[in-house]
Amino acid sequence: MSKIKKLLVANRGEISLRIMRTAKEMGIRTVAVYSEADRNSPHVQFADEAICLGPAPSSESYLLGEKIILLSKELNVDAIHPGYGFLSENADFARKVKEAGIIFVGPSPESIEVMGSKLAAKQAVSHYDIPLVPGTEEAISDIAVAKRRASEIGYPILIKASAGGGGKGMRIVENEEEFESQMQRAVSEAKSAFGDGAVFIEKFITSPRHIEIQILGDQQGNVVYLFERECSIQRRHQKVIEEAPSAVVSPEMRKAMGDAAVGVAKACDYYGAGTVEFIVDDQLNFYFLEMNTRLQVEHPVTEMITGKDLVREQIYIAEGKPLSFAQEDLKIHGHSIEVRVYAEDPRNNFLPDIGTLHTYQRPEGPGIRVDDGFEQGMAIPIYYDPMIAKLITHAEDRASAIDRMIRAIDEYKISGIQNTLGFCRFALSHEAFKSGNFDTKFVERYFTPDVLDSELTSEESELLAALAVEFLQKESNMSVTKPSVEEVSESAWRKRLN
């Protein structure tokens, strides 16, 4: 076993800061890396040492794996934690870190490779009793063969990029007539996004829920599951609200899903923190979807209901220590909800926004946690994911956790950029969410921009009323040219791109 004394976090923003805080508690010195755009970020100020990787684009900074390894060796770093995104699921990077004699705080390169391909993952778990969505077991490029298999599976079907994620290279096909054009689009998008045009076909599950299981495995072969997270509130196939536990998972279903997740981990000799994702139909049948071989964005809700620090456990596992607890030691305590606060405009199809955080005041109080990487006055850069923060609440039951989250959202003061707090408040207040009767089509079914007008706080309503009066007074004294609807709705992000 190797004791980590100095840890480099190969990431930025909130996840870097979150990892470093645990490392500091463990007596581990930390090294931050940053791009020129992040020079004044909180994670840079927090670290014991910090070094600039290069210009703002991630291809010239955070994705420079070999440079990060070289700097780690120069700084006598013992271990590298990749966080999530960027290099976190890059098997080649993990392998080179190990070859350089540095500990990679994550799974083995071999596990990353197997689970990085959806087809390879399905083949690996096929030897275990794990439910799989009906579909092809190999990549398909011949359209005639693919069309025949789709007919055998039965429409609607889903064409998916084998190497993909985040909804890229994915097409829903309702009937045979549109199959060929949709497959060509899926292959083209997969090649563009991942450099790999391999696609496969699955039965499309209507009214699906997205439920995932958090697992931890040590290098001695022990694996446990830390219960489930419900991640069905999404836009563009990406999560916005997560909670633990799920409102619809019974103890029997939880055990069955947990056992299946442990089987997935054992299928690839997995160690470290990982997440096994399942798709669940309207009859609560669950099917293995994929495995994320890293720390998830939504890991805080699991921490809140289990009392376990997942980053601390990751570091212990990387040092070679066995798990300090068994499955029977884990219990669910209360309920936790996380909303992702994105710099996006829900009124404009959730288009990302940029600008300066003129006002940025976090909510406080019992059962509230904010994981972020920004301060008031900072700019939201165009170069990275537009997430500003993760707002997490914990309470004794689901209803109380929802009420606490709504209170926290109302206290969260952000101005200068559009953000998703209003949408999250709408979703949490909706009867479908409160009852637990929702799926991944929540936004499509229930959300229209005009509903946000009813979600304004009294303070916001008073401000808008005052602004309206001021505008009308000015309009009566001068001739003004009113902007078009298109001009009003165009976000700063789009203007920057133009």
Side-chain angles (χ1 to χ4, degrees), residues 114-212 230-239 248 257 260 264 267 275-292 438-445:
V114 170
M115 290 299 158
S117 165
K118 292 182 176 64
L119 282 174
K122 289 177 73 172
Q123 290 165 2
V125 305
S126 63
H127 303 295
Y128 292 76
D129 188 21
I130 297 168
L132 298 173
V133 178
T136 60
E137 297 179 359
E138 68 288 321
I140 294 181
S141 56
D142 186 296
I143 290 179
V145 174
K147 189 181 290 187
R148 185 165 61 251
R149 289 291 291 116
S151 296
E152 293 170 358
I153 295 167
Y155 290 95
I157 59 97
L158 193 61
I159 301 174
K160 300 173 71 173
S162 177
K168 296 182 176 66
M170 184 184 296
R171 286 288 185 277
I172 299 170
V173 185
E174 299 288 349
N175 52 62
E176 187 173 331
E177 288 70 32
E178 62 183 46
F179 181 87
E180 188 168 336
S181 62
Q182 293 287 52
M183 181 167 174
Q184 289 173 342
R185 290 174 185 168
V187 170
S188 175
E189 192 171 295
K191 284 181 179 177
S192 175
F194 313 112
D196 182 354
V199 298
F200 63 101
I201 299 170
E202 284 183 347
K203 177 70 178 174
F204 178 65
I205 306 296
T206 57
S207 302
R209 298 180 79 112
H210 184 133
I211 298 177
E212 60 191 29
E230 171 83 59
C231 308
S232 297
I233 306 294
Q234 306 178 357
R235 85 279 181 266
R236 296 194 301 274
H237 300 286
Q238 294 179 317
K239 307 159 190 173
V248 298
M257 293 183 78
V264 171
T275 298
V276 181
E277 302 196 355
F278 295 94
I279 191 167
V280 180
D281 67 18
D282 55 3
Q283 301 301 309
L284 298 184
N285 299 304
F286 63 90
Y287 305 94
F288 170 67
L289 192 61
E290 63 182 332
M291 184 178 193
N292 291 304
F438 61 92
D439 54 44
T440 57
K441 294 183 179 179
F442 179 92
V443 171
E444 179 184 330
R445 285 199 179 100

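Values below: all heavy atoms of this structure, side chains included; hydrogens, waters and symmetry mates excluded.
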Roughly how far, to the nearest 0.5 Å, is [atom2] of [Y] from [atom1] of [X]?
X	Y	atom1	atom2	result
Tyr155	Glu177	OH	CD	8.0 Å
Glu178	Ser181	CD	OG	6.5 Å
Glu212	Met257	CD	CE	9.5 Å
Asp439	Ile205	CG	CD1	12.0 Å

Phe288: partners by ring-ring contact (aromatic ring centres under 6.0 Å, His included), with sequence neighbours left out: none
Locate the shortest heavy-atom distance separating [X] from [Y]; write the atom from each residue and the value.
X	Y	answer
Leu119	Ala139	CD1-N, 3.1 Å
Gly154	Lys203	O-NZ, 3.1 Å
Thr136	Ile153	N-CD1, 4.3 Å
Ala146	Ile140	CB-CG2, 3.3 Å
Phe179	Ile143	CE2-O, 4.0 Å
Pro156	Thr206	CG-CG2, 4.4 Å

Within a radius of less than 6.0 Å around NZ of Lys191, do more than 12 heavy atoms belonging to other residues, nucleotides or ligands occur? no
Does the side chain of [Y] come within less than 4.5 Å of [X]'s, by heavy atoms?
X	Y	result
Lys122	Phe200	yes
Arg185	Ile159	no
Ser207	Arg445	yes
Arg149	Ile157	no
Met115	Val264	yes
Phe286	Ile211	no

side-chain contact (heavy atoms from CB on, under 4.5 Å) evaluation trace for Met291 with Val114: CA-CA 10 Å; Met291 184 178 193; Val114 170; over 6 Å; no
Is Lys118 salt-bridged to Glu202, cutoff N-O under 4.0 Å? no
Just by distance, do the side chain of Ser232 and the backbone of His210 share a donor-acceptor pair under 3.5 Å?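 It does hold such a pair.
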Is it the case that the side chain of Arg209 and the backbone of Phe438 share a donor-acceptor pair, with hydrogens and angles ignored and the cut-off at 3.5 Å?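 A pair under 3.5 Å: yes.
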Arg171 and Met183: CA distance, side-chain angles, deciding distance, side-chain contact (heavy atoms from CB on, under 4.5 Å) verdict: CA-CA 7 Å; Arg171 286 288 185 277; Met183 181 167 174; over 6 Å; no
Return each pair, listed once, that meets salt bridge (charged side-chain N to carboxylate O under 4.0 Å, His left out) where at least one residue sits in residues 131-145; pairs must be two or more places apart or across chains.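 For residues 131-145: none.
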Salt bridge (charged side-chain N to carboxylate O under 4.0 Å, His left out) evaluation trace for Lys160 with Glu290: CA-CA 12 Å; Lys160 300 173 71 173; Glu290 63 182 332; over 6 Å; no
Residues Phe194, Glu189; criterion side-chain contact (heavy atoms from CB on, under 4.5 Å); working and verdict: CA-CA 8 Å; Phe194 313 112; Glu189 192 171 295; over 6 Å; no
Extract all donor-acceptor atom pairs below 3.5 Å that involve side chains of residues 124-132 and protein atoms in other chains or at least two apart in sequence.
from   : atom 1 : to     : atom 2 : distance (Å)
Ser126 : OG     : Gln123 : O      : 2.6

